[in-house]
Structures are given as C-alpha cells and as structure tokens.
Asks: 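First the structure, which I've put down as structure tokens, then a few questions once you've had a look.
Numbering of ligands and ligand atoms starts at 1, following listing order.
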Amino acid sequence: LEKKIAILEGRMPQKYPEVKFLGYKERRRILVTGGAGFVGSHLVDILMMKGHEVIVVDNFFTGRKRNVEHWFGHRNFEMIHHDIVNPLYVEADEIYHLASPASPPHYMQNPVKTIKTNTLGTINMLGLARRVGARILIASTSEVYGDPLVHPQPESYWGHVNPIGPRACYDEGKRVAETLAYSYAKQEKVDVRVARIFNTYGPRMHVSDGRVVSNFIMQALQNLTITVYGNGKQTRSFCYVSDLVDGLLGLMASSYTLPVNIGNPVEHTIEEFAMIIKNLVPGCRSTVATGAAVEDDPQRRRPDIAVAEAHLHWKPKVSLQEGLQRTIDYFKEELSRTTLYNNQTY
Ligand code: NAD
Ligand code: UDP
Ligand code: UDP
C-alpha cells in the first residue's frame, strides 16, 4: 500500500513493462475489443511493448481488469468499459475484434447475449471500421467447422454445424460474423482479416473458465478427479497463446484477406491430454474418470495450417510440454491467491 500511495503521489515512478519508443509516423492507434480477456490481454501486451497506442473495450463479461491493470495510467493505454452490442464512437487505425465469450459453459450460459455480441457487436465494429477507414481483424473460430466431416480442417471446408444445438449461439454467431465481414468488405470496401482460431491455452485463463485446459490443470493441482466428458476419444489440438498472438499480428500485417486457420496441428485425444497434464504435475494423485458426453461435442479437430504457413510465414513454436508447464506454473500461483483471498477468485 505504501508503494502504491507513493506512486499515486508521484514520489515513485510507476513501473511498466518496457515499451519501445515509436515515432509519430510509425505509431498506430489500435482498438482491441475483448482486450481484458485471455487472448486479448496478451495481444495488448505485445502491442503496447511495440510502442503503439492501445484502446481496450470490454464489458468484463468473461474478462478481468486484472489482466491489463499493469498498463493502467500508461500514456499509450486507454480502457473503456463498454458493451459492443451498443454503438461505439472512437478513432482507430486498426481494430482487433475479439469481444465474445469463448468457453462453452460461458457462451451457453447466455446464448442470446452471445449471438448479440457476435452479430450486433460485429456490425458495430465493422461500422466503426468503415467510418474511420481502419483495417479490422475478426476473431473467428474453428467452431465454424462444427463437428467436422473433413479432417484436418482446411479453410475451404464449409463445416458441419447444428443450427439449433447448444453450441449454435457461438458457432452460428461466428459464421454470421464472417459473413458480415465479407459483406462489408464487398459492399463498403472495409479492409477485413479473418482468423479462425483453434483451441488456445496459457496463463490468464480464468481458474473457473470451464475449458478443458484450465479444468484439468486445476483438478490435477488439487488431486481431484480429472473429469473427461464422454469416452475421451474426441480430439483437440492446442496452441500456446504467444503463438496465437504472433499469428494474429502476422495476419493483420499481411495482404491476405480470406480466412486463415491459426492453431497448432499437434492433435491428442482428450484422454491422452488428461494423462499428459497429470504427468506434468509432480506427485499428482488424481484419477482420470470418464463421464457423460457433452451434446454436439465435435469429435475431431485439427487445423490445416498450410495457408498460414504460405501467406503469413507463420507456424507455432511453443511445444505442448513447454506451454503446459508455463500454464501449470500460472495456475499454481492462482491457487495460492485463491487461498490467500478467502477462497475468492477474482
Ligand atoms: P475470453 O472470454 O477470455 O475473452 C473475451 C473478452 O470479450 C472478455 O474480456 C469479455 O469480457 C469480452 N466481451 C464479451 N462480450 C462482450 C461485449 N458484448 N462487449 C464488450 N466486451 C465483451 O476469451 P478468449 O479466449 O480470450 O477469446 C477471445 C476471442 O478469440 C473470442 O472472440 C473467441 O471467440 C476467439 N477464440 C478463442 C479461442 C480460444 O481457444 N481461446 C478459440 C477460438 C476463438
Ligand atoms: N457504428 C458504430 N461506430 C461508428 C460507426 C458506426 O458503432 O463509429 C455503428 C452504427 O451505430 C451502426 C453500425 O455501426 O449501427 C453499422 O454502421 P453502418 O455505417 O454500416 O450502418 P448505418 O450507420 O448506415 O446503419
Ligand atoms: N472436456 C472434458 N472435460 C472438461 C472440459 C472439457 O473432457 O472438464 C472436453 C470437451 O468435452 C471437449 C474438449 O474437452 O471434447 C475441449 O473442450 P473445451 O470446452 O475446452 O473446448 P471446445 O473445443 O469444445 O470448444
């Protein structure tokens, strides 16, 4: 507290991560919707460290101020508490449009809000991009492929989505977001980029995020049963968050305008994944239990990243082992905070 008061009173300089100095001509004003979320906050860090001005817009539905609080007060940083379902008038040179819940339990908890965010919210951001002439990158998802009948999934695959199932609010919401992007590109000449993001993990995922990586790590760290939904034969391919952020930056900078898969093609069954995590937590006494299957759970998912390799010269660098180790270390810290703050996670 002493230190904080000293900073506020200006007796001590506020310490920020190191920021490069950019001249007026190179510095861009970049809007990041959903910038207080898991992926958004990592993207914000890189953009800030590169020396750009960053405006974060977030309604804190699934994100937290804590993810970006290390930038509060920095002259290049601005945070706006706003729901993008409502119009937003700011100036920007580039927009990364990431605002949307991403974890199945989160988006299923409020399906109407999820659709509104991905449709009305995306219209507003495209309208903003149109008004200010900004390039806009839409965060789409591998879920546009649904429960895929083609494996691995190339961008040319149209998908296999149940339009009225429990995941539809997200899958169809993102499909409409893509359609909106290309309609604005065609009709209004908006400069769009579309990233189809595959399962991503890393530090700053919320302990109660509900996605498989955070669930399994939290269970393994507490010696609780690792809960595999269904028989565990379904597969996913996991990308470490820094690799994803590199891919998003590469796509924004590239002249390629069609959708691009960004993900790590190393594929595992969920059962294997449970064992990998268990073995990475020293002394873990958790057992792995299979349970009821989730409705409409995609059975296989793995990105074909030939387009990203050819057009962005991008491929993931961080191995699953290394990425998981960093994520486990993060969740260990989170667990100790939880105990510290009277079992409240915040
Ligand atoms: P997240 O839930 O951590 O972050 C989403 C952020 O958007 C949160 O900060 C949330 O508060 C904000 N938000 C939600 N609705 C909003 C609204 N109406 N107005 C303003 N802000 C709003 O999720 P994430 O994992 O960081 O995902 C970021 C983006 O990437 C999402 O668009 C998601 O669909 C996409 N994506 C993520 C993954 C992944 O594995 N993480 C995979 C595919 C796609
Ligand atoms: N919009 C916004 N910010 C802007 C410009 C537009 O939020 O800076 C919203 C606007 O309210 C509208 C939507 O984006 O609902 C789509 O904008 P567009 O210009 O395509 O449509 P119009 O204004 O003609 O309805
Ligand atoms: N899953 C699981 N146990 C959990 C959470 C998820 O077995 O505690 C499974 C889920 O059924 C799916 C996979 O892990 O097959 C990935 O789920 P997640 O919610 O992380 O993301 P999805 O890829 O389904 O959007």
Asks: Going by the atom numbers of ligand 1, which of them fall below 4.0 Å from some non-hydrogen atom of A139?
Replies: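 Contacts of ligand 1 toward A139, numbered from 1: 30 (O), 32 (O).
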Asks: So, does S142 sit close enough to ligand 1 that a heavy atom of it is under 4.0 Å from the ligand?
Replies: no
Asks: I need the contact type for F38 against ligand 1. Using non-hydrogen atoms and a strict under-4.0 Å cut-off, is it side chain, backbone, both or neither?
Replies: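 Both parts.
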Asks: Between R130 and ligand 2, which residue portion shows a heavy-atom distance shorter than 4.0 Å: side chain, backbone, both, or neither?
Replies: side chain
Asks: Side chain, backbone, both or neither: which part of D83 comes within less than 4.0 Å of ligand 1 when only heavy atoms are counted?
Replies: both
Asks: Hey, which atoms in ligand 3 end up nearer than 4.0 Å to a heavy atom of P104?
Replies: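 Every atom of ligand 3 under 4.0 Å from some heavy atom of P104: 19 (O), 25 (O).
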Asks: Ligand 1 versus M205, non-hydrogen atoms closer than 4.0 Å: side chain, backbone, both, neither?
Replies: neither
Asks: So, regarding G37 and ligand 1 (criterion: nitrogen or oxygen to nitrogen or oxygen, under 3.5 Å), is there a contact or not?
Replies: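 Yes: some nitrogen or oxygen of G37 is under 3.5 Å from one in ligand 1.
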Asks: Hey, looking at atom 9 (C) of ligand 2, which of N86, N124, T122 has the closest heavy atom?
Replies: N124
Asks: I'd like to know if G121 contacts ligand 1, where contact means a heavy-atom distance under 4.0 Å to any ligand atom.
Replies: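 Judged by the 4.0 Å heavy-atom criterion, G121 does not count as contacting ligand 1.
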Asks: Nearest heavy atom to atom 24 (O) of ligand 3: which of E271, E143, R167, R211 does it belong to?
Replies: R167
Asks: Taking N or O atoms only and a 3.5 Å limit, does P87 qualify as a polar contact for ligand 2?
Replies: no
Asks: For D243 and W314, test the side chains for any donor-to-acceptor distance below 3.5 angstrom and give the result as yes or no.
Replies: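 There is no such pair between these side chains.
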Asks: Is there a side-chain contact between Y201 and V212 in this structure, where contact means two heavy atoms from C-beta onward sitting under 4.5 Å apart?
Replies: no
Asks: Students should be able to answer this: which protein heavy-atom is nearest to atom 17 (C) of ligand 1, and at what distance?
Replies: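 So the nearest neighbour among protein heavy atoms is N59 ND2, 3.3 Å.
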Asks: Pull out every atom of ligand 1 sitting under 4.0 Å from any heavy atom of S140, numbered as shown with elements.
Replies: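 Once the distances to S140 are compared, the set is 44 (C).
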Asks: Within a distance under 4.0 Å of any heavy atom of Y184, pick out the atoms of ligand 2 and give their elements.
Replies: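 Taking each heavy atom of Y184 in turn, ligand 2 has 16 (C), 17 (O), 18 (P), 20 (O) under 4.0 Å.
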Asks: Heavy-atom contact under 4.0 Å between R301 and ligand 3?
Replies: yes
Asks: Among protein heavy atoms, which lies nearest atom 11 (O) of ligand 3, and at what distance?
Replies: D297 OD2, 2.5 Å
Asks: For atom 16 (C) of ligand 3, find the nearest protein heavy atom and state the residue, atom name and distance (0.1 Å precision).
Replies: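 Result for atom 16 (C) of ligand 3: R236 NE, 3.6 Å.
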Asks: Hey, looking at atom 8 (O) of ligand 3, which of N231, V213, N199, N215 has the closest heavy atom?
Replies: N215
Asks: Among all protein heavy atoms in this structure, tell me which lies nearest to atom 18 (P) of ligand 3, with the distance rounded to 0.1 Å.
Replies: V212 N, 3.8 Å
Asks: Can a donor-acceptor pair be found between the side chains of H97 and T122 at a distance below 3.5 Å?
Replies: yes
Asks: Which atoms of ligand 3 are found less than 4.0 Å from any heavy atom of I270?
Replies: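 Heavy-atom distances to I270 below 4.0 Å select 7 (O), 13 (C), 14 (O).
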Asks: Where is the nearest protein heavy atom to atom 5 (C) of ligand 3: which residue, which atom, and how far?
Replies: Y229 CE1, 3.3 Å
Asks: Counting from 1, what ligand 2 atoms have a heavy atom of I123 closer than 4.0 Å?
Replies: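 The atoms of ligand 2 under 4.0 Å from a heavy atom of I123 are 13 (C), 14 (O), 16 (C).
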Asks: Going by heavy-atom distance to atom 32 (O) of ligand 1, choose the closest among K174, R211, H97, R204.
Replies: K174
Asks: For atom 3 (N) of ligand 3, which protein heavy atom lies nearest, and how many Å away is it?
Replies: T227 O, 2.7 Å
